[in-house]
Amino acid sequence: MSERPEIIQARYDKLSKLQELNITAFAYKFHRTHLSAEIKDKYTELEGSGEKVRVAGRLMAIRGHGKSSFGHIWDNDGKIQFYIKYDIVGEEQYNFFKKLLDIGDIIGIEGEVFKTKTGEITVKVEKIEILSKSLLPLPEKWHGLVDKEARYRQRYLDLISNPKVKEIFIKRTKMYKAFRAFLDSQGFLEVETPILQPIYGGAFAKPFQTHLNALDLRMYLRIADELYLKRLIIGGFEKVYEICKDFRNEGVDRLHNPEFTQIELYSAYWDYRDMMDFTERMLEFVAGEVCGTTEIEYEGRAISFKAPFKRVSMLEVTAEKTGVDFRGMDYAEAKKYAESLGVDVGGKRNWGQVVEEVFSELVQADLVQPTFITDFPADISPLAKPHRDKPGLSERFEGYIAGEEVFNAFSELNDPIIQREKFAELQKLRRLGDEEAPPIDEDFLTAMEYGMPPTAGLGCGLDRLIMILTDSHSIREVIFFPLMKPEEK
RNA sequence: GGGGGUGUAGCUCAGGAGGUAGAGCAUCUGCCUUUUAAGCAGGUGGCCGCAGGUUCGAGUCCUGCCACCCUCACCA
């Protein structure tokens with residue numbers, strides 16, 4: 001029982017004293033008249049008016065001076081200083097403050113507002129009450145909570161003691177709002193599609209499996225939304241989007257969390273060039289809404305979200321960079337040249353995979369400014385339309401920022417005959433041991449056979465985008481509760 | 001999975017070459033009625049990640065394990 005560290009036991013002792021005094025340490029409610037920010041905004045009206053304000057928040061600092069004390073409480077929008085004086089509140093309340101409250105407690109105060117001689121807007125306390133006793137001590141006031149493991153496992157402590165962390169997540173929400181505002185204004189409809197799916201598809205990835213007891217059915221958590229959103233396009237919703245949690249049963253590192261967020265959007269009657277025009281306008285808008293500017297800095301490098309973005313074809317930029325033009329080569333020849341460039345293509349099973357590997361090894365890291373890389377190999381783009389002019393390529397682009405892939409888009413394949421062939425090729429890859437090639441989705445093919453309008457679609461990794469917009473090095477900094485191994489007890 | 005690093009008080013961190021465990025903040029006791037990392041004086045607080053080993057003696061050296069971080073590989 002009483003094995004508690006002294007610093008914690010002291011708080012339990014105070015709780016007992018409160019109970020002896022018949023003071024409720026865990027209140028039911030507190031009527032607030034103002035938030036801390038409102039007091040500051042309305043100071044000129046409040047000063048000298050005799051109006052009493054009631055504010056509540058977490059007690060974060062105390063500076064005692066004998067018979068008077070200063071302190072700060074933090075609420076949703078910021079902090080406010082209070083001044084409590086023996087002469088005003090009397091012996092009982094002052095001793096209650098001095099002896100029974102701790103940093104970390106949630107308290108409510110009432111009093112008039114004034115400015116100290118250093119000019120800080122301050123509440124002169126007339127009444128003070130405890131709303132919730134904090135039984136565990138908070139991290140240190142100056143350094144905050146630094147240990148990354150503790151920050152991620154106990155995010156609430158991170159949020160309490162590191163105000164900048166709160167800003168990152170506020171920006172994350174601003175990003176969602178900006179996408180919604182932009183897309184809604186352009187006639188897109190926000191929709192929801194299944195997370196639990198009997199067949200996964202729309203990307204190359206290992207899925208999470210689960211089991212539906214009612215139907216004794218193996219189910220998967222979605223790896224992408226693509227095939228369901230296209231069904232909606234077929235159904236006559238011509239512009240749709242979804243902000244979607246996807247799940248991939250793969251590695252965990254600074255760029256990957258097993259559960260992550262994308263936005264996918266589809267517009268009928270567009271091709272991938274329309275989507276590029278749209279995407280750069282949308283990204284410029286989102287960056288401006290989140291950061292207040294399109295000119296940002298990520299890991300010491302200036303990045304401009306000002307449209308238009310650079311556009312260059314994958315094969316051309318790779319040829320420029322490496323001196324090897326892979327166009328017109330067959331699989332064996334491409335492999336030979338890739339190896340001559342020092343790129344390991346041992347596990348690559350077709351021409352496109354080889355070219356993509358060379359690109360991602362030797363070119364990708366240099367794409368710091370937002371750049372559209374266009375015209376990907378057709379054999380690694382099973383859901384994209386074949387390029388109208390360039391044999392072997394597809395009408396597909398990916399967007400790179402700060403050397404990382406952030407979005408991926410196509411002129412969507414709408415020919416069910418070619419789609420079936422593409423799926424068949426994926427089944428070959430599966431049989432060759434490619435675990436990430438998705439199984440064939442007959443229901444989706446049936447939908448396509450009813451006729452799908454020409455369509456362009458885009459997927460954008462929102463975790464990576466907000467990392468860049470908040471200058472965060474790890475995906476764990478932008479996900480409230482990133483995946484952590486449970487601690488062994 | 002490979003390589004490198006970290007783990008010591010509630011928090012942030014020191015502990016040189018094996019010899020009784022340290023600081024700041026917090027906490028506790030005094031003093032202090034406009035401070036803001038308030039101040040002054042004094043005190044409490046430790047499974048040194050876990051388990052073994054070497055040694056007269058291990059926070060320190062060795063082995064194994066655990067968690068986390070960085071990095072490479074993998075991952076659209």
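Every chain is numbered from 1, with letters handed out A, B, ... down the list of sequences.
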**Q** Provide the Watson-Crick or G-U wobble partner of B/C40, both distances under 3.5 Å; none if there is no partner.
**A**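 Pairing partner, where one exists within any strand: B/G30.
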
**Q** Is there a side-chain contact (heavy atoms from CB on, under 4.5 Å) between A/Phe397 and A/Arg273 once you walk through the steps?
**A** CA-CA 9 Å; A/Phe397 70 87; A/Arg273 289 175 187 146; over 6 Å; no

**Q** Can you tell whether the side chains of A/Glu51 and A/Lys42 come within less than 4.0 Å, N to carboxylate O?
**A**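 Here A/Glu51 does not pair with A/Lys42 in a salt bridge, since their nearest N and O are not under 4.0 Å apart.
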
**Q** What closest approach, in Å, do A/Phe247 and A/Ile223 show between heavy atoms, and which atom pair accounts for it?
**A**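 Scanning both residues completely, I find the closest heavy atoms to be O-CG2, 3.3 Å.
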
**Q** Tell me the interatomic distance from A/Arg464, atom CZ, to B/C75, atom P, rounded to whole angstroms.
**A**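 From A/Arg464 CZ to B/C75 P: 13 Å.
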
**Q** Roughly how far apart, to the nearest Å, are B/U44 and B/C28 at atom P?
**A**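 Result for the P pair: 16 Å, nearest Å.
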
**Q** Let me have a per-nucleotide readout for nucleotides 24-33 of chain B, 5' to 3', with B, S or -, counting only protein heavy atoms under 4.0 Å.
**A** BBBSS-S-BB

**Q** Could you tell me which nucleotide pairs with B/G18 by Watson-Crick or G-U wobble geometry, both distances under 3.5 Å, or answer none if nothing does?
**A**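 Pairing partner, where one exists within any strand: none, as none qualifies.
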
**Q** Does the distance from a Lys or Arg side-chain N to an Asp or Glu carboxylate O, for A/Glu477 and A/Arg151, drop under 4.0 Å?
**A**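 Salt bridge: yes.
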
**Q** Under a 3.5 Å cut-off for both distances, is B/G45 Watson-Crick or wobble paired, and to whom?
**A**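 In the structure as shown, B/G45 has no Watson-Crick or wobble partner.
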
**Q** B/C75 C1' sits how many Å from A/Leu429 CG, rounded?
**A**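 Taking CG of A/Leu429 and C1' of B/C75, I get 16 Å after rounding.
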
**Q** Without decimals, in angstroms, what is the distance between A/Phe82 CZ and B/A38 P?
**A**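 Rounded to the whole Å, the gap is 13 Å.
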
**Q** Determine whether a donor-acceptor pair (one donor, one acceptor, N or O, separation below 3.5 Å) exists between the side chain of A/Glu120 and the base of B/U35.
**A**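 Side chain to base: no pair below 3.5 Å.
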
**Q** Should B/C68 form a Watson-Crick or G-U wobble pair with both distances under 3.5 Å, which nucleotide is its partner?
**A**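 Its partner is B/G5.
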
**Q** Tell me what A/Lys117 touches on the nucleic acid: a base, only sugar-phosphate, or nothing, going by heavy atoms under 4.0 Å.
**A**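 Result for A/Lys117 = base.
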
**Q** Between A/Lys124 and A/Glu112, does at least one N-O distance fall below 4.0 Å, as a salt bridge requires?
**A**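 Here A/Lys124 does not pair with A/Glu112 in a salt bridge, since their nearest N and O are not under 4.0 Å apart.
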
**Q** Are any of the side-chain nitrogens in A/Asp441 or A/Arg231 under 4.0 Å away from the carboxylate oxygens of its partner?
**A**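 Salt bridge flag = yes for A/Arg231 with A/Asp441.
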
**Q** Find the distance A/Ile121:CD1 to B/U34:C1' and express it as a whole number of Å.
**A**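 Whole-Å distance recorded here is 15 Å.
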
**Q** Give one of base, sugar-phosphate or nothing for A/Gln81, where a contact means two heavy atoms less than 4.0 Å apart.
**A**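 Base contact - A/Gln81 has a heavy atom under 4.0 Å of at least one base atom.
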
**Q** Can you tell me if A/Arg476 touches the phosphate of B/C69, counting only side-chain N or O atoms and a distance under 4.0 Å to OP1 or OP2?
**A**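 Yes, A/Arg476 has a side-chain N/O under 4.0 Å of OP1/OP2 on B/C69.
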
**Q** Would you classify A/Asp344 as touching base, sugar-phosphate or nothing, given that sugar-phosphate means primed atoms plus P, OP1 and OP2, and contacts are heavy atoms under 4.0 Å?
**A**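 The residue A/Asp344 makes no contact with any strand.
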
**Q** With a 3.5 angstrom cut-off on both distances, give the Watson-Crick or G-U wobble partner of B/C74, or none if there isn't one.
**A**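 In the structure as shown, B/C74 has no Watson-Crick or wobble partner.
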
**Q** What's the CD1-C1' distance between A/Ile373 and B/A76, to the nearest Å?
**A**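 One finds 14 Å between C1' of B/A76 and CD1 of A/Ile373, rounded.
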
**Q** In this structure, which one of A/Phe359, A/Phe407, A/Phe309, A/Phe372 forms a ring-ring contact (aromatic ring centres under 6.0 Å, His included) with A/Tyr400?
**A**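 That would be A/Phe359; it is the only one of A/Phe359, A/Phe407, A/Phe309, A/Phe372 passing the ring-ring contact (aromatic ring centres under 6.0 Å, His included) with A/Tyr400.
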
**Q** Salt-bridged, A/Glu316 to A/Arg327, with N to O below 4.0 Å?
**A**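 Counted as a salt bridge, because a side-chain N and a carboxylate O are separated by less than 4.0 Å.
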
**Q** Just confirming the chi classification of B/G16, syn or anti, using 90° around 0 as the syn window.
**A**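 Glycosidic conformation of B/G16: syn.
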
**Q** Provide, to the nearest angstrom, the distance between the CG atom belonging to A/Leu383 and the C1' atom belonging to B/A76.
**A**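 Result: 12 Å.
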
**Q** Side chain of A/Arg254, heavy atoms from C-beta onward: which of B/A73, B/C68, B/U71 has the nearest atom to it?
**A**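 The nucleotide sitting nearest to the side chain is B/U71.
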
**Q** Would you indicate what A/Phe114 reaches in the nucleic acid, counting non-hydrogen atoms under 4.0 angstrom: base, sugar-phosphate, or nothing?
**A**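 Result for A/Phe114 = base.
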
**Q** Quick one: salt bridge (Lys or Arg N to Asp or Glu O under 4.0 Å) pairs with a partner in residues 89-99 of chain A, sequence neighbours left out?
**A**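 Residue pairs passing salt bridge (Lys or Arg N to Asp or Glu O under 4.0 Å), neighbours aside: none found.
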
**Q** What does B/C25 pair with, Watson-Crick or G-U, if both distances are under 3.5 Å?
**A**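 Pairing partner, where one exists within any strand: B/G10.
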
**Q** Could you identify the nucleotide paired to B/C61, looking across every strand shown and requiring Watson-Crick or G-U wobble geometry with both distances under 3.5 Å?
**A**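 B/G53 - that is the nucleotide pairing with B/C61, both distances being under 3.5 Å.
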
**Q** From CD1 of A/Ile401 over to P of B/A76, roughly how many Å is that when rounded to an integer?
**A**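 So the CD1-P distance, A/Ile401 to B/A76, works out to 20 Å.
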
**Q** Between A/Lys148 and B/C69, is there a side-chain N or O to OP1/OP2 distance below 4.0 Å?
**A**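 Negative; the distance criterion is not met.
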
**Q** By nearest atom, which of the nucleotides B/C70, B/A76, B/U34 is closest to the A/Arg248 side chain?
**A**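 Nearest nucleotide to the side chain: B/A76.
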
**Q** Between B/G19 and B/G57, how far apart are the two C1' atoms, rounded to whole Å?
**A**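 Nearest-Å result for B/G19 against B/G57 at atom C1': 7 Å.
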
**Q** What nucleotide among B/U71, B/U35, B/C74 has an atom nearest to a side-chain atom of A/His473?
**A**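 Looking only at side-chain atoms, A/His473 lies closest to B/U71.
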
**Q** Roughly, in whole Å, what's the span from CZ in A/Arg151 to C1' in B/U6?
**A**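 Rounded to the whole Å, the gap is 16 Å.
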
**Q** May I ask you to evaluate whether A/Arg63 reaches the phosphate of B/U35, defined as a side-chain N or O under 4.0 Å from OP1 or OP2?
**A**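 No.
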
